[in-house]
Amino acid sequence: MDGGRIDVDALPGGLDLQAAVESGQSYLWWREDGPTYADETHAGSDAWYVTTVRDDAGTPAICRARQTDGYLEWTATADVEDRLRRRLGLADDLPAIREATPADDLLAAAYDAFWGLRIVRDPPFPTLVTFICSAQMRVARIHAMQQALREHLGSPLVHEGETYHAYPTPEQVAASSEAELRDLGLGYRAPYVLESARMVAAGEADPAAARDMAYEDARDYLTRFVGVGEKVADCVLLFSLGFLEAVPLDTWIQGAIADHYPDCDRDSYAETSRAVRERFGPYAGYAQTYLFHYLRTGRAEA
DNA sequence: TAGATACCTTATAG
DNA sequence: ACTATAAGGTATC
């Protein structure tokens with residue numbers, strides 16, 4: 001039994017834990033008090049969220065965390081503070097990031113609506129699988145798929161008398177079968193997840209290897225995994241590997257570009273991506289994440 | 001190298 | 001009830 005707490009007011013820009021883990025960038029946390037994403041309009045939640053983390057040796061641990069009374073507090077089966085800080089992007093200087101990004105009314109409104117939302121640094125393999133699963137899916141179902149993968153393929157762990165399941169390793173997923181993954185609701189993504197997991201387990205490719213590459217090389221590298229195109233590759237770069245300039249061009253963001261930033265709208269993904277990065281700068285991914293959450297939650301009605 | 005189409009499954013709209 | 005449509009796209013032809 002371990003745990004601790006952090007004064008979120010001491011962080012530059014504070015923290016909005018709920019926004020961080022329920023804004024569609026991470027699917028690796030779940031609420032204890034009910035279905036995650038069940039009510040996407042709820043605000044100010046101090047609910048407990050649970051996830052699993054692994055140390056450098058691959059040993060899994062449980063971490064329960066919540067934000068309340070100005071603190072981020074947690075209990076865990078091991079000392080997870082350093083990993084938790086990294087996972088939640090607590091070192092990011094939000095005011096400096098916002099200041100460095102060219103302002104406009106829409107982006108300003110998105111920043112104001114969810115100030116404290118931080119970009120996560122989730123582990124590479126689970127992030128890869130998550131966003132392979134995300135094709136043509138709603139966020140609530142993407143999350144449900146990850147829970148199914150945990151419960152059916154992951155190793156059990158006990159914390160405070162409760163049994164949890166670690167996110168499955170590449171080996172555990174690779175040892176599964178397409179039929180089994182289809183039964184978990186992955187649909188046509190099942191063979192993609194299976195083959196990509198096999199590639200990682202066999203040492204043929206490693207999503208973490210992209211971390212040391214130049215941005216566009218890293219994006220290109222990740223597309224060698226099955227089921228990974230430019231958009232999913234950008235999600236892994238932004239939400240796992242710390243490439244804050246990566247801008248996943250999904251349907252929501254493409255719509256926003258067409259409506260609000262038509263000068264960035266080009267013929268191909270690669271060219272639009274480049275135009276968006278030139279306009280918003282090295283933290284374009286932060287702008288993407290705030291805009292996506294703002295648009296998707298319907299706060300932009302006016 | 002660009003463009004069109006199929007794809008699992010579920011929730012929601014009509 | 002029953003059908004059409006869309007959901008954080010990608011692979012294939």
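Every chain is numbered from 1, with letters handed out A, B, ... down the list of sequences.
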Starting at atom [atom1] of [X], determine the distance to atom [atom2] of [N], rounded to an integer number of angstrom.
{"X": "A/Met145", "N": "B/dT10", "atom1": "CE", "atom2": "P", "answer": "9 Å"}
{"X": "A/Ile142", "N": "C/dA6", "atom1": "CD1", "atom2": "P", "answer": "18 Å"}
{"X": "A/Leu186", "N": "B/dT9", "atom1": "CG", "atom2": "P", "answer": "10 Å"}
{"X": "A/Leu249", "N": "C/dT10", "atom1": "CG", "atom2": "C1'", "answer": "15 Å"}
{"X": "A/Asp267", "N": "B/dT1", "atom1": "CG", "atom2": "P", "answer": "16 Å"}
{"X": "A/Leu194", "N": "B/dC8", "atom1": "CG", "atom2": "P", "answer": "14 Å"}
{"X": "A/Leu222", "N": "C/dA11", "atom1": "CG", "atom2": "C1'", "answer": "17 Å"}
{"X": "A/Arg182", "N": "B/dT10", "atom1": "CZ", "atom2": "P", "answer": "12 Å"}

Worksheet item: Are A/Tyr294 and A/Tyr111 near enough that their ring centres are under 6.0 Å apart?
Response: no

[X] near the nucleic acid: base, sugar-phosphate alone, or nothing, with a heavy-atom cut-off under 4.0 Å?
{"X": "A/Gly185", "answer": "nothing"}
{"X": "A/Gln288", "answer": "base"}
{"X": "A/Gln254", "answer": "nothing"}

Practice prompt. Look at the side chain of A/Arg189 and decide which nucleotide, out of B/dC8, C/dA6, C/dT10, has an atom nearest to it.
Written response: B/dC8

Worksheet, complete the sentence: Of C/dT10, B/dT12, B/dC8, the nucleotide closest to the side chain of A/Arg138 is B/dT12

Worksheet item: Is the shortest distance from a Lys or Arg side-chain nitrogen in A/Arg98 or A/Asp112 to a carboxylate oxygen in the other one below 4.0 Å?
Response: yes

Worksheet item: Taking the P atom of each, how far is B/dC8 from C/dC13, in whole Å?
Response: 14 Å

Worksheet item: Between C/dA4 and B/dA6, how far is it from one P atom to the other, in whole Å?
Response: 15 Å

Worksheet item: Can you find a pair of side-chain heavy atoms, one from A/Arg277 and one from A/Glu245, that are under 4.5 Å apart?
Response: yes

Worksheet, complete the sentence: Only residue of A/Phe131, A/Phe239, A/Tyr167 satisfying ring pair (Phe, Tyr, Trp, His ring centres under 6.0 Å) with A/Tyr27 is A/Phe131

Discussion item. Under a 3.5 Å distance rule, please check whether A/Arg118 uses its side chain to pair with a backbone N or O of A/Gly14 as donor and acceptor.
Written reply: yes

Item to complete: Check for a donor-acceptor pair, side chain of A/Ser240 on one end and backbone N or O of A/Thr127 on the other, with a separation under 3.5 Å.
Response: no

Response to the item:
In Watson-Crick or G-U wobble terms, with both distances under 3.5 Å, the base opposite C/dA11 is B/dT5

Discussion item. Taking side chain to side chain contact (heavy atoms under 4.5 Å, CB included) as the criterion, tell me which of A/Ile119, A/Val276, A/Leu244, A/Asp250 meets it with A/Gln288.
Written reply: A/Asp250

Worksheet item: Start at the 5' end of DNA chain C and walk down; is the nucleotide closest to A/Phe225 or to A/Pro248 reached first?
Response: A/Pro248

Discussion item. Checking A/Glu32 against A/Tyr49: is there a side-chain donor and acceptor pair closer than 3.5 Å?
Written reply: no

Practice prompt. Decide yes or no, distance alone: a donor-acceptor N/O pair under 3.5 angstrom between the base of C/dG9 and the side-chain of A/Tyr269.
Written response: no

Worksheet item: If only side-chain N and O atoms of A/Arg141 are considered, is one of them under 4.0 Å from the OP1 or OP2 phosphate oxygen of B/dT10?
Response: no

Practice prompt. Kindly state which residues belonging to residues 121-137 of chain A come within less than 4.0 angstrom of DNA chain C, counting heavy atoms of the residue only, listed by number.
Written response: A/Phe131, A/Ser134, A/Ala135, A/Gln136, A/Met137

